[in-house]
Amino acid sequence: MAEALDRIGIDRPPGFTHEVVFRRCRSCRKLDIVREKDLVCVFCGEDLPREWNMGEHG
């Protein structure tokens, strides 16, 4: 998003470039935000996959 705004010349707030990483838990199927590279589901405690898996259906 930040790159797109920069390309068209729209100012953005500082800190806007922070990456948000999502994974789908393969056990409970909930969507998780991965924080500080902690690949554990906040809902059920199972390990989250290392690779992107948001294309898997919930």
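Since we're looking at a predicted model, the values are computed, not measured.
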Can you give me the closest heavy-atom contact between Lys30 and Asp32, atom names plus distance?
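So the minimum-distance heavy-atom pair works out to O-OD1, 3.6 Å.
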Name each donor-acceptor pair under 3.5 Å that joins a side chain in residues 34-53 to protein atoms two or more places apart or in another chain, with its distance.
| residue | atom | partner | partner atom | Å |
| --- | --- | --- | --- | --- |
| Glu51 | OE2 | Arg26 | NH1 | 3.4 |
| Glu51 | OE2 | Arg26 | NH2 | 3.0 |
| Asn53 | OD1 | Arg24 | N | 2.9 |
| Asn53 | ND2 | Arg24 | O | 2.8 |

Separation of Ile33 CD1 from Phe22 CZ (nearest 0.5 Å):
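Here the interatomic distance stands at 4.5 Å.
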